[in-house]
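Worksheet: the structure to be examined is printed underneath.
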Amino acid sequence: MAKREIIKERVPVPERDPKERIRDFREVKLGYTPQLAMEEAKRCLQCPHSPCVKACPVNVPIPQFIKLIEEGKFVEAARKIKEENILPSVCGRVCPQEIQCEGACVVGKVGTPVAIGALEAFAGDHEASIGYEKIEIKKKTGKRVAVVGSGPAGIACAADLIKMGYEVTIFEALHQPGGVLVYGIPEFRLPNEIVERELRFLQDMGVKIELNFIVGKTKTIYELLEEFDAVFIGSGAGLPYMLNIEGLNLNGVYSANEFLTRVIFMQGYKFPEVDTPVYTGKRLAVIGGGNTAMDVARTAKRLKDVEEVFVIYRRSKEEMPARIEEVKHAEEEGVVFKTLTNPVRFVGENGWIKGIECVKMKLGEPDESGRRRPIPVEGSEFIIEVDSVVMAIGQGPNPVVVDGVKEIKRGKKGEVLVDPETLMTDLPGVFAGGDVIRGGSTVIVAMGDGRRAAKGIDRYLKEKN
Amino acid sequence: MFQILKKKELAENVDEFVVRAPLIAKKAKPGQFVIVRVTAKGERIPLTIADKDPEDGTITLMVQRVGKSTFHMSCFDEGNSLRDVVGPLGRPTEIKKWGHVVAVGGGLGLAPIHHIALGVKEAGNRLTTIMGFRRKDLIFWEDKMSVVSDRVIVTTNDGSYGMKGLVTDALLNLIEKEEKIDRVICAGPVPMMKAVAELTKDYGIPTIASLNPIMVDGTGMCGACRVTVGGEVKFACVDGPEFDAHQIDFDELMNRLRMFKDKEELAMREFQRKHCGCRGS
Ligand SMILES: Cc1cc2nc3c(=O)[nH]c(=O)nc-3n(C[C@H](O)[C@H](O)[C@H](O)COP(=O)(O)OP(=O)(O)OC[C@H]3O[C@@H](n4cnc5c(N)ncnc54)[C@H](O)[C@@H]3O)c2cc1C
Ligand SMILES: Cc1cc2nc3c(=O)[nH]c(=O)nc-3n(C[C@H](O)[C@H](O)[C@H](O)COP(=O)(O)OP(=O)(O)OC[C@H]3O[C@@H](n4cnc5c(N)ncnc54)[C@H](O)[C@@H]3O)c2cc1C
Ligand code: SF4
Ligand code: SF4
Ligand code: FES
Ligand SMILES: [Mg+2]
């Protein structure tokens with residue numbers, strides 16, 4: 001192939017004006033038009049060793065799909081991606097591309113990397129807009145598999161299993177399927193419509209989804225094993241961590257899970273048109289520096305009652321684990337960052353939070369994670385006045401699903417332990433993947449697990465015969 | 001969708017629903033609850049499984065109208081369906097053969113008390129039930145409780161029926177008569193449970209209270225339901241809802257139940273404004 005000239009600057013993805021977009025929950029990024037996508041696709045150098053592919057957790061054939069976009073073959077591009085990743089419209093929007101595919105892009109060494117994520121979302125959206133092709137399903141095996149949880153891990157596992165000819169039923173605890181894609185990630189980053197259409201497609205392929213069904217409560221894993229030949233657990237990491245400091249149970253103190261469940265999942269931002277209330281007052285602070293913290297801050301910014309939003313983080317901005325793009329979006333939307341600041345106490349009045357006592361931090365030597373360890377500056381305590389606070393400091397696997405199932409071993413953080421190859425637990429026929437085995441990860445990693453488990457299940461059931 | 005097979009008004013602002021939910025009916029144990037979403041725009045509200053019939057595949061809910069969601073639910077009739085019902089949630093009541101158990105219930109507290117009473121009796125205990133109401137016309141389920149209890153004591157604040165006074169007066173009565181009480185289980189308004197706990201603590205009677213904090217998911221995912229028990233933070237939906245009453249921080253619970261007061265009043269006003277032909281909307 002003729003050597004291409006490097007185009008340093010990326011074709012920008014059109015976005016809505018911050019002043020306008022903080023007034024609603026509609027998507028912030030407008031996405032590429034076909035022209036813009038084709039133009040951006042030209043920037044890909046089609047590297048033969050494609051480092052981008054190696055940096056993608058599921059090895060999406062990146063140069064190939066980008067080539068198809070360049071040639072205007074958008075549907076083919078989407079199908080190319082789907083060989084490895086069935087949710088391009090989702091992953092193109094939410095993958096932390098800067099540390100995955102785009103982080104390794106050769107063009108990034110001299111300019112901005114190729115917009116792999118935006119191109120992936122474009123291809124996925126384009127295919128969806130013209131309707132999916134009918135997927136060929138292998139001869140029915142007559143075997144049944146139960147999938148626990150309808151998040152990315154469960155969706156990916158169910159999709160592969162149904163294509164292999166298994167009968168698949170997903171059991172979901174909540175009243176709406178999608179996992180974090182619907183109960184965590186806000187609509188202004190990932191519209192629910194997209195998740196709904198992918199789930200509809202899954203059901204069209206024959207996957208059954210049973211809502212309001214809590215495995216471990218409505219039925220146990222043991223009972224599922226009586227009805228199904230194998231079980232996949234993709235129940236995620238729905239157990240919120242809390243700061244165990246004074247004032248934790250004051251009114252106005254939330255976990256990120258509660259806040260996002262109320263506002264995003266239950267659509268409390270439409271209250272009183274919908275019934276789920278949320279109390280914020282005028283000043284809200286978010287504690288944490290990850291993607292969840294950014295989602296909470298940006299969600300809060302969009303609520304009618306809220307005037308000011310703070311992000312309190314104990315290290316500096318450079319150490320923030322959140323995606324750069326999300327930090328940028330939050331800043332554009334007027335979120336105020338209070339970095340090198342650590343909360344030590346929630347200050348209350350008559351049972352309601354009124355302020356957060358914080359201490360200033362400075363950075364010391366790097367710790368095990370390689371990030372510089374924050375150390376409190378003595379005598380630097382001060383109070384940030386707030387009406388509400390949301391803790392976004394991480395979460396762990398929820399034990400309900402495996403409660404009382406002693407064969408399934410769990411690690412220190414409650415994560416379900418599996419064989420790294422097959423993803424089978426110590427209970428034969430029961431597999432697990434996604435956040436429930438990792439404590440927390442990403443959409444694409446969870447999907448990768450779902451697919452690996454599907455292979456593991458297929459092998460297990462064939463060998464069992 | 002979960003169909004309502006029977007509905008009955010038990011007293012002013014209290015309805016009983018028999019709902020088709022075969023999987024839950026099969027699993028439900030005393031002390032457990034469900035989360036109900038009345039309509040597609042509804043919030044998730046916890047309601048105790050007051051009774052069950054695994055053969056018929058039904059559960060019984062007893063609902064006290066206190067705000068938007070419970071009033072909306074009372075618009076639903078036999079044949080209508082509730083949008084979502086999920087469960088059974090929470091830990092079942094610890095039930096052993098203790099000897100003489102006194103169950104104390106007021107208002108919506110009778111929902112857990114009834115199911116717990118069934119379990120307590122089945123385990124071979126002697127059971128005294130104390131039921132408290134404000135006045136005679138608010139009394140319900142005296143018959144139902146009489147069937148499961150060895151003795152039922154009804155109290156009314158104004159003395160219009162049964163014993164005049166509060167449930168704690170009746171309980172103190174038993175204690176003063178030197179009846180041997182091995183365990184007290186209470187459920188109802190927080191001030192009532194707090195008063196029961198204070199009384200039995202003085203006499204060293206083990207006491208369990210079934211708590212009703214604000215919940216959302218009911219599966220340990222959100223932490224809305226956190227309560228302080230023995231100085232530790234617990235999630236009532238998965239660690240409870242029943243706890244050692246002598247260890248519970250009732251004042252904190254009472255405070256947390258006020259968290260959404262202003263919004264709830266707004267929701268109720270809006271509902272009343274639009275209320276008419278609300279059925280199934
Ligand atoms: C606010 C937030 C923002 C995030 N942003 C990003 C991002 O931008 N990019 C990214 O890649 N990742 C992001 N993540 C992480 C990502 O969402 C998760 O890693 C991913 O969703 C994990 O997928 P999963 O299928 O393992 O679990 P989940 O998505 O958590 O799905 C689990 C499902 O199982 C159900 N379930 C749980 N227990 C039971 C049970 N007992 N019975 C039946 N069903 C059950 C749950 O209700 C849920 O629907 C974010 C996470 C959060 C919380
Ligand atoms: C484990 C448990 C079991 C319960 N069992 C029953 C029962 O069997 N029968 C019954 O009538 N009631 C029961 N309740 C209480 C019932 O859930 C509330 O009365 C109901 O949610 C009120 O909703 P509303 O919209 O009608 O009233 P609102 O006006 O919204 O609220 C009135 C008051 O109810 C409380 N409340 C509001 N939302 C919730 C919520 N999501 N969860 C819990 N409490 C809330 C608050 O203190 C509030 O001030 C139970 C609660 C719990 C936690
Ligand atoms: S799945 Fe995610 S990491 Fe892989 S190519 Fe797509 S956007 Fe990049
Ligand atoms: S590294 Fe960048 S330029 Fe090279 S193939 Fe991948 S996307 Fe294209
Ligand atoms: S109700 Fe959400 S954790 Fe208990
Ligand atoms: Mg309400």
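Every chain is numbered from 1, with letters handed out A, B, ... down the list of sequences.
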May I ask you to name which of [options] has the most heavy-atom pairs under 4.5 Å with chain A?
{"options": "B:V85, B:V238, B:L89, B:I45", "value": "B:V85"}
{"options": "B:E270, B:R256, B:R258, B:R226", "value": "B:R226"}
{"options": "B:R37, B:K26, B:E264, B:K68", "value": "B:R37"}
{"options": "B:R44, B:R83, B:M259", "value": "B:M259"}

Evaluate the side chain to side chain donor-acceptor pair (under 3.5 Å) criterion for residues B:K29 and B:Q32: first the C-alpha distance (whole Å), next the side-chain angles of each, then the deciding distance (0.1 Å), finally the verdict. CA-CA 6 Å; B:K29 295 211 176 64; B:Q32 290 189 301; 5.7 Å; no
Could you check A:S441 against A:D435 for side chain to side chain donor-acceptor pair (under 3.5 Å), going step by step and ending with a plain yes or no? CA-CA 6 Å; A:S441 60; A:D435 280 3; 2.9 Å; yes
By a 4.5 Å heavy-atom criterion (distance strictly below it), what part of [X] contacts chain B: side chain, backbone, both, or neither?
{"X": "A:L248", "result": "both"}
{"X": "A:D403", "result": "neither"}
{"X": "A:N398", "result": "side chain"}
{"X": "A:Q176", "result": "neither"}
{"X": "A:S388", "result": "neither"}
{"X": "A:T261", "result": "side chain"}
{"X": "A:P272", "result": "side chain"}
{"X": "A:Y279", "result": "both"}
{"X": "A:Y183", "result": "side chain"}
{"X": "A:K219", "result": "both"}

Let's test your reading of the structure: which of [options] forms the most heavy-atom pairs below 4.5 Å with chain B?
{"options": "A:L260, A:N244, A:L211, A:N249", "value": "A:N249"}
{"options": "A:R262, A:E273, A:K270, A:Q395", "value": "A:R262"}
{"options": "A:K217, A:M266, A:Q267", "value": "A:K217"}
{"options": "A:N257, A:L250, A:V400, A:L239", "value": "A:N257"}

Please report the shortest heavy-atom distance between A:V401 and A:S235, naming the atom on each side.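 Looking at all heavy atoms of both residues, the shortest contact is CG1-OG, 3.5 Å.
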Would you call the rings of A:F25 and A:Y269 parallel, tilted or perpendicular, where under 30° means parallel and over 60° means perpendicular?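 The arrangement is parallel - the two ring planes meet at less than 30°.
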Angle class for the B:F271/B:H72 ring planes (parallel below 30°, perpendicular above 60°, tilted otherwise)?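 Judged by the thresholds at 30° and 60°, the geometry between B:F271 and B:H72 is tilted.
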If the threshold is 4.0 Å, N to carboxylate O, is there a salt bridge linking [X] and [Y]?
{"X": "B:K7", "Y": "B:D77", "answer": "yes"}
{"X": "B:K96", "Y": "B:E94", "answer": "yes"}
{"X": "B:E232", "Y": "B:K234", "answer": "yes"}
{"X": "A:K301", "Y": "A:E307", "answer": "no"}
{"X": "A:E246", "Y": "A:R345", "answer": "yes"}
{"X": "B:K41", "Y": "A:D275", "answer": "no"}

Which atoms of [X] approach chain A - backbone, side chain, both or neither, heavy atom under 4.5 Å:
{"X": "B:V227", "value": "backbone"}
{"X": "B:L257", "value": "neither"}
{"X": "B:T219", "value": "both"}

Who are the ring-ring contact (aromatic ring centres under 6.0 Å, His included) partners of B:H246, not counting sequence neighbours? none
Side-chain heavy atoms of B:E43 within contact of A:F271, under 4.5 Å: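 Heavy-atom side-chain distance check fails, nothing below 4.5 Å.
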